[in-house]
Structure formats: C-alpha cells, structure tokens
Amino acid sequence: MKNENEKVFLFYKRLISLYPQTFTERFGESMEQTFNDVCNERNGEISLGLMVSIFAETSVGIMRENLHEFKRANQMDYWINTIGLAAIFSGLFSAAFFWIGTFYLDNPEVRTGNASVIDVVRNGFLMALFLTPIVSGLRSRESTATKDWLVPLGAATLFSMMLIAPFAWMEWSNNPLTQTGESQFPYPLFLALLLLPILVFLGTTPILRTLITGKSLMAYPFSLLLRVGFLSVLAMDWAFLIKKHIPMFLGRVSGL
Amino acid sequence: MFEKDQKQSLTPAVFHILLALSVEELHGYRIMKQVEVDSSRKVKMGAGTLYGSLKRMLDAKLVEECDKRVDPELGDERRIYYKITGLGKKALSAELERYRSIVNLAQELKLLPKTFSYEK
C-alpha cells in the first residue's frame, strides 16, 4: 500500500512539472504538501475516485496556466506571426510554380484551367505546414550572425544527403527503367526526401540549443508541443515516402 | 485585473479564498478546508484551482505571502501562509455589498423572505 501511495505521489509530482516553470517554482512545493495533506486526511488510503478527480482537476489547471503563460509571453503572437510568414512564403512559392506551369511548362491541366483552386490551396497549406518549423527556427536566430545559421543549414544538408544516399544508390542500381533511360531518375521524389530531414533538423535546432544552454524545455510547453507536433508530421511524411517507394528502390517495378 | 474595476464581480474561488483569509492567515490546505466549511461543502476546491487563483490574487495584490512556518497539526513541514491585503479586504467588502444589494432586490420583489433580524 505504501509503495502504491509513493507511486501515486511521484506521478502527481511529474504531473505538476507540466505547469509553466515559473508556476512550478513558486507553487510546486506547496501543491505537493497539499496533495500529501489530502491523502493523509484519509489515513493514507487514496481511492481511485479521489485520484481521478485530483488528476483531472490538476490537468485542467495545467492547461489553463499554460494557456495563460502562452498569451502572457506573447507566444500566441509569435506563432501567429510565424505561421503567417510561412503561409506568405508558401503562397508566393505556389504562385511561382503555378505561373511557371502555365507559361513555361506544357501542363495541359493548367492550360485548360482544370487545375482546381482547391488543389492549389491545399498544396499551399501543406507547404506552409512544412515551412513553419524552419521559419520558426530562423526567427529564433534573428539576433545572431548569418554564419550562425549557415553552419546548422550546412550540417542539416550533409546529414540529409547521407540519409538518402543509400536509397538513391538503390534506385540508380536496381531500377531497370532508370538504367535503360525509359524513365527519368525521380529527382522530385529525392528533392522531397532531401528537404524533409533538413526541415526536421533545423526545426529541432532551437530545442537542442535550449538543452545545451541548460535551460528547461518546459519553460514554454505549448510552443514545445506545437514544434514537436510539426516535426513529427514531417518525420512521418518522410518515413511514409520511403515506405511507399521501397519496392521501386528494390527494383520491383510494376510490369516487370 | 481586479483593482482596475471594482464593479467587476469576483469569481467564486477568489471570493471564498478572500473570505477564508479575512479571519486569519492560512496555508493552502487550510484555505481549502475553510472554503469547504464556509460554503457548507458546496464549494470544493482542488489544488489546481486553489493555487491558480492564488497566483492571480498575488499578482493583483489581493493577498500576500507571509513567512513559512509549521502547522503543528500537520507535521513539521514548513508551509507558506497567505494573508489578505487592504486591497483584498476592499474587494471582499465590495463583493459582499453587491450580494446584499441583490438580496435586498430579491426581497423587494418578494422572491425571498426577509432574513435579516434588523429588517422589519
């Protein structure tokens, strides 16, 4: 029973650490004492119902305080501006590709007007999703010298190239259609495979910098959650692309 | 947020915390218990609500922290005590006055029986 209570107390302590750092530093100890007092008034027997109600109420408090801290620290403005900038960049890229497709490439869908606006908007949205972590990473370096972000960009590119090199080699050596010249080397695919890890690497850089400087990652949990969410989507997209094209890399091309 | 406009009513949690502290300085757990007693167990406050409210009340200077001391009934751990400030007393009085006006209006509208002994 004593072990069970200790586990519950440890879990509660970990739960409290999800509050904003300033809140935990100020009230963490008091909250632990209060939790102990509530448990002790029941002679140390913590019922399931009590546990659930305490944890639920604390979780609501965590969300409320983090949202309050998020707004207070202008994190809301930071992310609105970051996503807005990413949306502007992606809109410009989409417009550029659309214009190139209309006037320089023989794209019958664009020429005949069959390319739907919804597809353009969706692609712009997806591009904004990809660009947001890199814009956020760049904005967090606003006050540093250019060389301070060229180095991570170079490292990210090198890392990404090493990551996709085996698949490029497999595609080149195993795909008979590529070898005979019947189909082109899938440059757009490998460009996507190259860019996604670069974006993940650059999006992760602020997190790594926070850890290296010894600061707490939980100082801004909502920002961390958003950043991790975006990076997870990018990583899963990369993994999905690899999985989808593995048969092609292994030379199992349809029709052969 | 509170001192800016005293016409703004207090949340139930803040009101009960101020009421509890109006009598004596208390630490977190005692505030929770006093609120339960004052509200006849109708208001039950968890630690999340309590300390979230205390943070906002400290920022608004309705309450302040006192020195850490031991509560003999709860062991020898030192605890932070809180006390109501002058601004907190004003906010509490304003809120009680608001409640009195509402009760008087309800009595005039014959929605409530007369309850105060000095009333005819």
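Here the structure is a predicted model, which is why all the values come from computation and not from measurement.
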Does some side-chain heavy atom of A:Asp37 sit less than 4.5 Å from a side-chain heavy atom of B:Lys33?
no
Can you find a pair of side-chain heavy atoms, one from B:Tyr29 and one from A:Asn40, that are under 4.5 Å apart?
no
Go through A:Phe35, A:Tyr19, A:Phe23 and name the one with the most non-hydrogen pairs under 4.5 angstrom from chain B.
A:Phe23
In terms of heavy-atom proximity below 4.5 Å to chain B, should A:Phe55 be classed as side chain, backbone, both, or neither?
neither
Examine whether an atom of A:Val38 lies under 4.5 Å from a heavy atom of chain B, and if so say whether it belongs to the side chain, the backbone or both; otherwise answer neither.
both
Kindly compute the distance separating [atom1] ([X]) from [atom2] ([Y]), expressed to the nearest 0.5 Å.
X       : Y       : atom1 : atom2 : result
A:Gln33 : B:Arg78 : CD    : CZ    : 10.5 Å
B:Glu77 : A:Asn36 : CD    : CG    : 6.5 Å
A:Thr34 : B:His27 : OG1   : NE2   : 8.0 Å

Please list, in residue-number order, every residue in residues 43-53 of chain B that has a heavy atom less than 4.5 Å from any heavy atom of chain A; write 'none' if there are none.
B:Gly46, B:Ala47, B:Gly48, B:Thr49, B:Tyr51, B:Gly52
